[in-house]
Amino acid sequence: MKIASFNINGIKARIGQLTAWLSEAQPDVVVLQEIKTVDEGFPAELIEDLGWKVWTHGQKSWNGVAVLSRLPVEEIRRGLPGDDADEQARYIEAVVMGDRHAVTVAGLYLPNGNPAPGPKYDYKLAWMDRLRQRGAELLATEQPVVMLGDYNVIPEPRDAARPENWVDDALFLPESRAAFRRIVNQGWTDAIRVTDPHATRGPFTFWDYQRQAWERDNGIRIDHLLLSPQAADLMRGAGIDRDQRAGVKPSDHVPVWVDLAA
DNA sequence: ATGGTCGCCGAGCGA
């Protein structure tokens, strides 16, 4: 079961890139972030015509997440538990049926948090605490779980081409990194990192549109795939589709994926 | 220190 995450940065602007990548990469399950539309504005038919089922959790203009699956899905949950007043569409969860295992796939778009300090940063840290609580519940199932998406956290200096540029940024502040570490340390495996544990630079998943960041490979790694122990035991491989950042009108993020023997 | 680029939609915000 190949499971991927892609921050698409506006589905209406990126439907062509998405469908081309789907046929090229051949994932079985995809979570999307920043669809930037209400559910009715999502071009589901174009994707359904390619053999997918589509579930969206949309919002006007900002945020918004979705699940695409070519495998049967048993349950869908929209919204991160823990705050009924939270209006932002940043979380969607699916139980996907593989041939051998059911896999819980939690797609997330963690708040950016800038400027920090401030209310947006407080919201980010509170959201991360809610994610940690949901993560504990999912780990307690002792089943294969993949919690993946745009975490908006640079975990370590080697995850940025120029870490010195990020020291005051909500993506790299010590509190953000500590909150991410606290989640990982519950027992999750960082699928991309374990494919090359001793890398000293990168790999990256995001390059800003500004200042020729892509041309200069001035990237950061903020899209992550966290695996429960039962999912990590099934891992066959993981990767980053870096070439998706080239070409005409790309997203500023690229897809990340993990393949499970599920 | 500033501005640099996108996508949302049709001005300015969020990233």
Side-chain angles (χ1 to χ4, degrees), chain A residues 5-21 31-44 46-47 56-66 80 86-91 107-128 131 148-155 159-173 175-177 179-180 204-224 240-256:
Chain A
S5 171
F6 195 176
N7 181 321
I8 203 75
N9 188 23
I11 186 61
K12 295 168 190 172
R14 221 72 65 197
I15 183 64
Q17 184 184 359
L18 176 63
T19 53
W21 170 75
V31 296
L32 301 175
Q33 302 89 38
E34 290 205 81
I35 62 173
K36 292 188 172 180
T37 177
V38 293
D39 296 336
E40 297 72 33
F42 191 95
L46 292 175
I47 299 168
T56 56
H57 182 36
Q59 179 180 339
K60 183 179 164 64
S61 300
W62 290 302
N63 309 319
V65 289
L80 181 65
D86 186 357
E87 307 266 317
Q88 300 189 29
R90 295 179 172 276
Y91 186 87
L108 62 101
Y109 176 48
L110 206 146
N112 175 297
N114 282 303
K120 292 186 178 176
Y121 194 55
D122 295 341
Y123 174 66
K124 176 178 194 152
L125 294 178
W127 205 95
M128 293 185 83
L131 183 64
L148 75 168
D150 178 358
Y151 278 75
N152 267 317
V153 175
I154 303 166
D159 294 309
R162 301 181 62 180
E164 67 276 14
N165 288 358
W166 297 91
V167 289
D168 296 322
D169 194 285
L171 278 60
F172 193 56
L173 281 173
E175 297 95 320
S176 306
R177 295 166 57 193
F180 181 76
F204 306 131
T205 67
F206 169 93
W207 296 260
D208 202 285
Y209 287 126
Q210 302 182 57
R211 292 171 259 185
Q212 297 184 290
W214 168 247
E215 289 77 3
R216 296 171 178 174
D217 195 25
N218 182 12
I220 52 177
R221 188 172 74 100
I222 56 176
D223 300 270
H224 306 298
I240 298 174
D241 290 348
R242 185 186 156 94
D243 62 326
Q244 289 297 313
R245 187 60 177 80
V248 183
K249 287 274 173 189
S251 171
D252 42 5
H253 295 249
V254 296
V256 297

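So that the names make sense, note that chain A is the first sequence line, chain B the second, and so on, each numbered from 1.
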Atom pairs, N/O to N/O, protein against nucleotides 8-15 of chain B, distance under 3.5 Å?
| unit_1 | atom_1 | unit_2 | atom_2 | d |
| --- | --- | --- | --- | --- |
| B/dG14 | OP2 | A/Lys120 | NZ | 3.3 |
| B/dG14 | O5' | A/Lys120 | NZ | 3.3 |

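- Spacing between B/dA1 and B/dG12 at atom C1', rounded to whole Å, works out to 22 Å.
- Rounded to the nearest Å, the gap between the P atom of B/dG14 and that of B/dG10 is 15 Å.
- What separates CD of A/Gln59 from P of B/dG7 is a distance of 19 Å, to the nearest Å.
- Per the geometry, NZ belonging to A/Lys249 stands 11 Å off P belonging to B/dT5, to the nearest Å.
- Under 3.5 Å, the side chains of A/Lys36 and A/Asn9 contain a donor-acceptor pair of N or O atoms.
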TODO: Take A/Asp217 and A/Arg242, measure what salt bridge (Lys or Arg N to Asp or Glu O under 4.0 Å) needs, and give me the verdict at the end.
DONE: CA-CA 11 Å; A/Asp217 195 25; A/Arg242 185 186 156 94; 3.3 Å; yes

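- Looking only at side-chain heavy atoms (C-beta outward), A/Gln17 and A/Pro250 come within less than 4.5 Å of each other.
- Separating the C1' atom of B/dC9 from that of B/dC13 is a span of 11 Å, rounded to the nearest Å.
- At a threshold of 4.5 Å between non-hydrogen side-chain atoms, the residues A/Tyr91 and A/His57 do not count as touching.
- In this structure, A/Ile11 and A/Leu18 have side chains that are in contact, with non-hydrogen atoms separated by less than 4.5 Å.
- A distance of about 16 Å separates the C1' atoms of B/dC6 and B/dA11, rounded to the whole Å.
- For the side-chain contact (heavy atoms from CB on, under 4.5 Å) with A/Val254, the qualifying choice from A/Phe204, A/Trp207, A/Phe206 is A/Trp207, the only one to do so.
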